[in-house]
Amino acid sequence: MIFPKPEAILDLPAAEAAAAIAGWKGTLTVEAIDLIARFAELAATKPEFLEECNSRLSMTTSEGAVWQHALLLEKLKRPSDAADVLHRLWWTTEGPTRSSLMLASARCLLAANRAAEAWYPLAEAAKDASSAKLLRQADRLLKQAKKKGASPSKRQCRLAILGNSTLDTLAPVLRAQCFAAGIDLDVYIAPFNQVVQEIRQPDSGLARFRPEAVLLAMDWRWIGFADEEPDGADAVRRCLSELEGLWKVCQDRWGAQALQCNFEIPADPAEGRLSAALPNGRGRLLRTLNLELWDAADRAQGTCIVDVEQGSAEFGRRAWADPVLWHVAKQHPAAAALPAFGEEIVAVLRAVYGLTAKCVVLDLDGTLWGGVIGEDGLQGIQLGGTPAGEAFVEFQRHLLALSKSGVLLAVCSKNNEDDARQPFREHPEIVIKEGDIALFCANWQAKDENLRAIAKGLNIGTDALVFVDDNPAERARIRQNLPEVEVIQLPSEPALYWEALSRRRLFDKLALTNEDRERTHSIQTNLKRQQLMSSAASDSKGDMDEYLAGLNLVVELFPFDEPNLVRICQLINKTNQFNMTTRRRTEGEVRSLMAQGWYTQAMRVSDRLGDSGLTGVMLAAPEQETLHLDTWLMSCRVMGRKLEEAMFAGLTEYARANGFHQIRCEFIPSPKNEVVSKLFETLGCMPDGEASGSLFYRWSTDRHFGVPAVLQCSDRTQTAQAAEREN
Amino acid sequence: MPIDAKLQDIFRDVFDDDTLVVTPDMSQKTFADWDSFHQVKLVIGIEEEFGAKLSTEQAISLTSVAQIQQWLRSQGIEA
């Protein structure tokens, strides 16, 4: 059913035009919204008609009429009312029209001087935008919003983009996508095809921009491989060493993270399939180069690969390029491919800035299997066996792999707990086992309450949760009550569940650490520890030391080193609660502080229940006679075991032994670190004033601070760094 | 020939000016901001909005509003 054509109803009496719109019962599409906007445009030229039409639409509730009402209000110069009308659709609207809804909302809110309310719809618009056009619109509104208030982004990034094509068209798309991921992006686009000059010349625009990250977005033409190279191995080697040289300059001059795009395999090679078979064929050499790049980036430490090879293949190689606009204006990738290109880049930036999601919260009935376990019983649910059942098994396999890479799985289901657990214990086709689920929550309470409880139980923020539920009403409820949660628009087809979850790119990591691989297990032992602890607390004596002594805690303190740097930076960028200053830093920045002689301390912990791994980090700057504690954080998983005392003992001993008179301890209150707001006082430090949002405390090194007796502690930060300082 | 709202929106987007009023006599010659970079953005905007693909020749030569309107009409699009 097509929405009434604006021209056809424009000459009717206003009452009839309004009735035609209100009577429309079709599904709202992007095309229908176009017609609605056009009608508003035309009606605006007839003030009386506009006024009456609008008042007659004010009582209707169909989606099309609500939209029309809002856009007429906008034409009547009542943007605030228009925004309120659109707001009614915020939580329930899904699919391709969601982005349009959010853009219209943001536009009205900005026009009504309600900029602070525009951030949510702007982020939502960019998340769900399917085209470069929508992302550009989001970016323009974003610019307006930033003029009226500070962006709520969690991170800021100064990104320079270099390449051999016209990349200016990428900037607005990428800015909008980054904003949706929590990154406020400041972009510099280098002049066309000036990659080497910009990086190597000391007075280039790039140097003046002082980038924090440099995106090397050249395509295969830049390398210049012939269809068939005379000496392929040598050509690959030369290209690699050229790129490695550029990364090094970025790192050395600006401490900038190089983001290197690997290379798309061009469509339609002259040799056809032989391009990959011939030892020196371009197709083969590009594939070889791409593999080598992964290893080279790993060696270079601080360079990340943007996987254009995979991204362009997923998008479609022919569509990735636009031969006409390449010749006209050196446009590459094609305008239509820019959102897909941007997604690959954002996936890496999310990982660099520690903004990846931590936990997937899963519904059960209709999500992990078909049917309803409480009604259909173990034999009645769809899981394996049939084509529909196979789709659920496949989805579970992907989720299991996700959990093996360190993303936690939690269950949130409206069910009796025994019913909910039965398939995990007894169904022969179940893939995810109870041991793979960090937290199992089956009850009849509202899901938003359960999500809060899950976040609390896992010691993470609700903004680190991803919500997967086949029930649109539950999704709407979570959006409304916990807007910071990532809500996946699950399609009705279970075979497409995984794609819907995966393509939001919430989980990409720079590398897998041991802590990632062991995360679920470690969370579970931690829950066991908490049970032990609360039973110790409820004992007659309530003796915490006794409980801690029983854990056989072994603590190891050591200076930062290369093998652990990925994990250390993960902690620096992700830890929110036990984090004294919440200063975020990239690997490049940390490496440069190490080189400047800062005191660094990493902590590893294990006890009789298991190994908690690297879970504590300190960074302190030497400032004449003072050692300034710039960064101190600890994973929330190991809180409550007196480990902070061991870390502080290590710091004070180092300061004393190296002739510092005092330690200047810094605390920056954040919405999430309340738990440590009194820590420095508890440790016995003296308040020492405040400045620009920081509270300072002083520790005089003539005092001694001992390691708690319940901990067995070895400290390698003393000798190693003292020796380094003497050199 | 009135200017279609979609075409107007494309120009506003490309020239980043929400108050821009497009007239048929606007062209690369009369409008200083209309350089080759804006020309590409216009071509991309037109292709996205109307679902049509321009040829190399058209992408270079459609440098006035009147020409763009004429081309759209030749594609069966009223603008």
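Quick note on labels: first sequence line is chain A, next is B, and so on, each numbered from 1. Hydrogens, waters and symmetry mates play no part in the numbers below; they use all other heavy atoms, side chains included.
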Begin from the C-alpha positions of A:Val173 and A:Phe341 and carry the test side-chain contact (heavy atoms from CB on, under 4.5 Å) through to its verdict. CA-CA 10 Å; A:Val173 169; A:Phe341 186 27; over 6 Å; no
Assess the residue pair A:Lys330 and A:Asp219 against the criterion (salt bridge (charged side-chain N to carboxylate O under 4.0 Å, His left out)); give the C-alpha distance rounded to whole Å, side-chain angles, the decisive distance to 0.1 Å, and a yes or no. CA-CA 12 Å; A:Lys330 298 291 172 279; A:Asp219 68 61; over 6 Å; no
With a 4.5 angstrom heavy-atom cut-off, could you sort out which part of [X] is near chain A: side chain, backbone, both or neither?
X	result
B:Asp9	neither
B:Thr56	both
B:Leu54	backbone
B:Glu49	side chain

Pick from A:Glu41, A:Arg140, A:Gln137: which one has the most heavy-atom pairs with chain B under 4.5 Å? A:Arg140
Taking the six-membered ring for Trp, are B:Phe11 and B:Phe15 parallel (under 30°), tilted (30 to 60°) or perpendicular (over 60°)?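 Parallel: the ring planes of B:Phe11 and B:Phe15 meet at under 30°.
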For the residue pair A:Phe209 and A:Tyr188, does the interplanar ring angle fall in the parallel (under 30°), tilted (30 to 60°) or perpendicular (over 60°) class? parallel
Among the options [options], pick out the one with the most heavy-atom pairs lying under 4.5 Å from chain A.
options	answer
B:Ile60, B:Asp16, B:Ile10	B:Asp16
B:Ile44, B:Asp13, B:Asp18	B:Asp13
B:Glu47, B:Lys53, B:Gln39	B:Lys53

Verify side-chain hydrogen bond (donor to acceptor under 3.5 Å, both in side chains) between A:Ser131 and B:Glu48, making sure each step is shown before the conclusion. CA-CA 9 Å; A:Ser131 70; B:Glu48 277 172 356; over 6 Å; no
Could you check if a side-chain atom of A:Ile161 sits within less than 4.5 angstrom of a side-chain atom of A:Ile345, using non-hydrogen atoms only? no
Checking A:Thr166 against chain B: side chain, backbone, both or neither under 4.5 Å from a heavy atom? side chain
For A:Lys127 and A:Glu124, what are the C-alpha separation, side-chain angles and deciding distance, and is it a salt bridge (charged side-chain N to carboxylate O under 4.0 Å, His left out)? CA-CA 5 Å; A:Lys127 257 178 215 176; A:Glu124 290 294 299; 3.1 Å; yes
